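Treat the numbers as computed from the prediction; the structure is a model and nothing was measured. Within every chain, numbering begins at 1; the chains are lettered A, B, ... in the order of the sequence lines, protein sequences first and strands thereafter. Only heavy atoms go into these numbers, but all of them, side chains included; no hydrogens, no water, no symmetry mates.
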2 protein chains.
Amino acid sequence: MFILHRRPAEPKEGTFMSTTNTGVPASLRDHQLPSPIPIGEYERCPVTDVLRRVSDKWTLVLVTLLGRHPYRFNELHRAVEGISQRMLTRTLRTLESDGLVEREVFPTLPPTVEYRLTPLGVSLLEPLSALADWAVDHHAEIASVRQRTI
Amino acid sequence: MFILHRRPAEPKEGTFMSTTNTGVPASLRDHQLPSPIPIGEYERCPVTDVLRRVSDKWTLVLVTLLGRHPYRFNELHRAVEGISQRMLTRTLRTLESDGLVEREVFPTLPPTVEYRLTPLGVSLLEPLSALADWAVDHHAEIASVRQRTI
DNA sequence: CAGAATCCGTGGAGATACTG
DNA sequence: CAGTATCTCCACGGATTCTG
């Protein structure tokens, strides 16, 4: 349905990582090209869209923190060391306009603003965990490969 | 262990989305702040690291395509309409140096180069699918919220 | 065919100062 | 406390040209 959504077939032993390399590229032996991806469809692919939203510098840290409990603005500012006020505001506003975070203002003096995940935001924690698990499981391997190829 | 890896506790009904709002922010009622995140530790968090690698403009499209079968350079160039040669090369090189993609050169004339996922790259397809499923399931909701708040 | 090299525009992001 | 307003810098990424 969507470009990045069709789960690719599990590689069968002996075909994907072929050991019987005869010097001919696999793509020449098995020459069935998928039709080119129309640019318009790529732009509208929700997976790409969501991925790009979620993957800026601060979004995931904030979503993860807010997954623990609600935070006030300056609590987040202190918790996420290194983030600027500007980026904290911007990221929270984006999350809010995407419906992942809600913002509640309490009429106190000085003002108190609280941020929390919406149910939609909570639902995102699940797939993020899967990716987080993968990262934790494989980051050592990635690091070693990276070092070897420098 | 890592900042973005501890799966947050499942929200209990009536506590997370409290309906008995007495005008006092939840973070003032339940005031147990996690210790601030040291900047050094944040930088080294593998989850953040991996997310940032994976989330540039072309990586996911390429990983997904290569999940189907191996591709030659210009096959990818045609398949991913809109990508420049420069970015295709750069993205593939990064994927290679991270151990997610391997590059094989065949001594033909003109040269033939084939790209395929490594086992590590294949293992990434799984968690990506989870995120893709989430995106497909919720992108309409996000879009409607987004429109409402513009 | 599979790139390398170069130039260049744009937006993501930090730093700083100010305010209701 | 919770922001807004500016200025600035640089990395991302596109276009073009050239080559073994």
Roughly how far, to the nearest 0.5 Å, is the OG1 atom of Thr59(A) from the CG atom of Leu124(A)?
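Here the interatomic distance stands at 10.0 Å.
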Please report the interatomic distance CG(Leu117(A)) to CG(Leu95(A)), rounded to the nearest 0.5 Å.
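Atom-to-atom, Leu117(A):CG and Leu95(A):CG are 8.5 Å apart.
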Shortest non-hydrogen contact from Val61(A) toward Lys57(A)
CG2-O, 4.3 Å
Closest contact, heavy atoms only, Val47(A) versus Ala135(B):
CA-CB, 3.8 Å
What class does the angle between the rings of Trp134(A) and His138(A) fall in, given that below 30° is parallel, 30 to 60° is tilted and above 60° is perpendicular?
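Tilted.
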Is the Phe73(B) ring parallel, tilted or perpendicular to the His77(B) ring (thresholds 30°, 60°)?
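Answer is tilted, since the angle falls between 30° and 60°.
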Rounded distance (Å) that lies between atom [atom2] of [N] and atom [atom1] of [X]:
X	N	atom1	atom2	result
Arg103(B)	dA4(C)	CZ	P	7 Å
Glu104(B)	dG3(C)	CD	P	13 Å
Phe106(B)	dG3(C)	CZ	P	12 Å
Leu92(B)	dA2(C)	CG	C1'	11 Å
Leu88(A)	dA13(C)	CG	C1'	13 Å

Out of dC1(D), dA2(C), dA4(C), which nucleotide sits closest to the side chain of Thr89(B)?
dA4(C)
Residues that Thr91(A) engages under side chain to side chain donor-acceptor pair (under 3.5 Å), provided they are two or more places apart:
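Side chain to side chain donor-acceptor pair (under 3.5 Å) list for Thr91(A), sorted by chain: empty.
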CA sep, side-chain torsions, deciding dist, call: Glu104(B), Arg116(B), salt bridge (Lys or Arg N to Asp or Glu O under 4.0 Å)
CA-CA 8 Å; Glu104(B) 188 175 6; Arg116(B) 72 186 68 216; 3.7 Å; yes
Under 4.0 Å between a side-chain N or O of Tyr115(B) and OP1 or OP2 of dG3(C)?
yes
I want to check one thing: is the phosphate of dG3(D), taken as OP1 and OP2, less than 4.0 Å away from some side-chain N or O of Arg93(A)?
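Answer yes for this pair, as a side-chain N or O of Arg93(A) is under 4.0 Å from OP1 or OP2.
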Are Asp56(B) and Arg90(B) close enough for a salt bridge, meaning some N to O gap below 4.0 Å?
no
Under 4.0 Å protein heavy-atom contacts per nucleotide of nucleotides 6-20 of chain D, with B for base, S for backbone only and - for none
B-----SBBB----B
Terminal axis angle for the helix from dC1(C)-dG20(D) to dG20(C)-dC1(D), five pairs an end, nearest 10 degrees
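The end axes of the helix from dC1(C)-dG20(D) to dG20(C)-dC1(D) are about 50° apart, to the nearest 10°.
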